[in-house]
Protein chains: 2
Amino acid sequence: MSAALVPTFAALGDPTRWEILVTLGEEPASASALSERLPVSRQAIARHLAVLHEVGLVEPVRVGREVRYRALGSRLSQTADALAAVGAAWERRLATIREIAEGL
Amino acid sequence: MSAALVPTFAALGDPTRWEILVTLGEEPASASALSERLPVSRQAIARHLAVLHEVGLVEPVRVGREVRYRALGSRLSQTADALAAVGAAWERRLATIREIAEGL
DNA sequence: CTGAACTGCAACTTTCGTGTTGCACCACTG
DNA sequence: CAGTGGTGCAACACGAAAGTTGCAGTTCAG
């Protein structure tokens, strides 16, 4: 469960990939279209899209001879929920430790 | 705002760093103590802790001659909220596009 | 005061990721 | 049926990150 989060964070941790995601969040686009907006080659973007697809943050849709990608907000929200759960667990744990410390 | 998220994701994207965080989430510990639990040298862990501290996911606490680190769940929850907001925006955007498409 | 434990800094190696260029293949257009 | 625009794969270069070892500096214990 939480172990599967790491590759997702690694995918989100690259600035170029984040820009791609933000752009796709506004409107679905192909790798070629993205390469005209961003200062990177099409092949580099295609590779980024493959990484994003592996962790389920993006989905390819064939439209004629081009492949458009759209950002999956649901997957992002799901990741956010998992993160929030972990954060809450840490805070709870810390609160318990404090109670024990005060009890001494 | 969201741009500052990227370094945080990069920090969370490393498996070793994630293990460190999980361990600290259970109980605060020093770099030396962590190096005995994890299969990495103390210096490597110290460097990871510095990275985690830079993005505010961890906090150092001096206890005598040792420096213990504790995981900050609040920072994690904050990141989760920002993520959820972005995900919701994408879904909303996509819903709008669909409405327009249906309207044609 | 001697020693042990913990931390911090530095140099070095090695692996991995990002980005590039080049070429081949496929699908739509005229 | 050419030709163009889009995609995919492969090889290569470069820089950053992760890990290691070694050494110096501190602070607590005996």
Side-chain angles (χ1 to χ4, degrees), chain A residues 3-24 26-72 79, chain B residues 3-24 26-72 79:
Chain A
L5 288 176
V6 177
T8 303
F9 291 139
L12 292 171
D14 183 76
T16 301
R17 231 144 31 206
W18 184 258
E19 277 200 64
I20 290 174
L21 274 175
V22 170
T23 304
L24 292 181
E26 297 172 357
E27 185 184 14
S30 66
S32 297
L34 286 169
S35 68
E36 293 176 355
R37 288 196 180 183
L38 303 179
V40 254
S41 68
R42 175 187 63 84
Q43 288 81 347
I45 289 185
R47 192 163 183 79
H48 282 305
L49 288 171
V51 172
L52 291 171
H53 183 226
E54 275 188 14
V55 296
L57 282 169
V58 123
E59 190 184 44
V61 180
R62 288 209 62 115
V63 180
R65 65 180 158 184
E66 69 181 335
V67 180
R68 290 185 192 162
Y69 287 82
R70 72 185 190 93
L72 296 179
T79 304
Chain B
L5 288 176
V6 177
T8 302
F9 292 141
L12 291 171
D14 182 77
T16 301
R17 235 152 16 213
W18 185 258
E19 278 201 63
I20 291 174
L21 275 176
V22 170
T23 305
L24 292 182
E26 296 173 356
E27 184 185 14
S30 65
S32 297
L34 287 170
S35 68
E36 292 176 356
R37 288 194 181 184
L38 304 179
V40 256
S41 67
R42 174 187 63 85
Q43 288 82 348
I45 289 185
R47 190 158 185 81
H48 282 305
L49 288 171
V51 172
L52 292 171
H53 182 225
E54 275 189 13
V55 297
L57 282 170
V58 123
E59 191 184 43
V61 180
R62 288 209 64 116
V63 180
R65 64 179 157 182
E66 69 181 334
V67 180
R68 290 185 192 164
Y69 287 81
R70 72 185 191 91
L72 296 179
T79 303

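Residue numbering restarts at 1 for every chain, and letters A, B, ... go by the order of the sequence lines. Values in this document were obtained by computation on a predicted structure and should not be read as measured data.
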| task | Take the protein atom CZ of B:Arg17 and the nucleotide atom C1' of D:dA16, then report the distance between them rounded to whole Å. | result | 12 Å

| said: To the closest 0.5 Å, what do you measure between CG (B:Leu34) and OG1 (B:Thr16)? | reply: 11.5 Å

| message | Tell me the interatomic distance from A:Leu34, atom CG, to D:dT7, atom C1', rounded to whole angstroms. | response | 14 Å

| Interatomic distance, B:Leu24 atom CG to B:Tyr69 atom OH [nearest 0.5 angstrom] | 10.0 Å

| query | In terms of ring plane angle, is the pair A:Phe9 and B:Phe9 parallel, tilted or perpendicular, where the classes change at 30° and 60°? | reply | parallel

| query | Between atom CD in B:Glu36 and atom P in C:dA5, what is the gap in whole Å? | reply | 11 Å

| task | Could you pick out which residue, A:Val51 or B:Arg68, lies toward the 5' side of DNA chain C when each is mapped onto its nearest nucleotide? | result | B:Arg68

| request: Can you measure from CG (A:Leu52) to CG (A:Leu21) and round to the nearest 0.5 angstrom? | output: 4.5 Å

| Expressed in angstrom and rounded to an integer, what is the separation of B:Leu49 atom CG from D:dG19 atom P? | 12 Å

| request: In whole angstrom, give the distance that lies between atom CD1 of A:Ile45 and atom P of D:dT7. | output: 11 Å

| field | Atom-pair distance (NE2 on A:His53; C1' on D:dT7), nearest Å | value | 15 Å

| Looking at CD1 of B:Ile45 and CD1 of B:Ile20, how far apart are the two atoms once the value is rounded to the nearest 0.5 Å? | 5.0 Å

| query | Applying side chain to side chain donor-acceptor pair (under 3.5 Å), which residue pairs with at least one partner in residues 33-58 of chain B are found, sequence neighbours left out? | reply | B:Arg17-B:His48

| note | Its contact letters, B for base, S for sugar-phosphate only and - for none at protein heavy atoms under 4.0 Å, make nucleotides 19-30 of chain C read SBBB----BB--

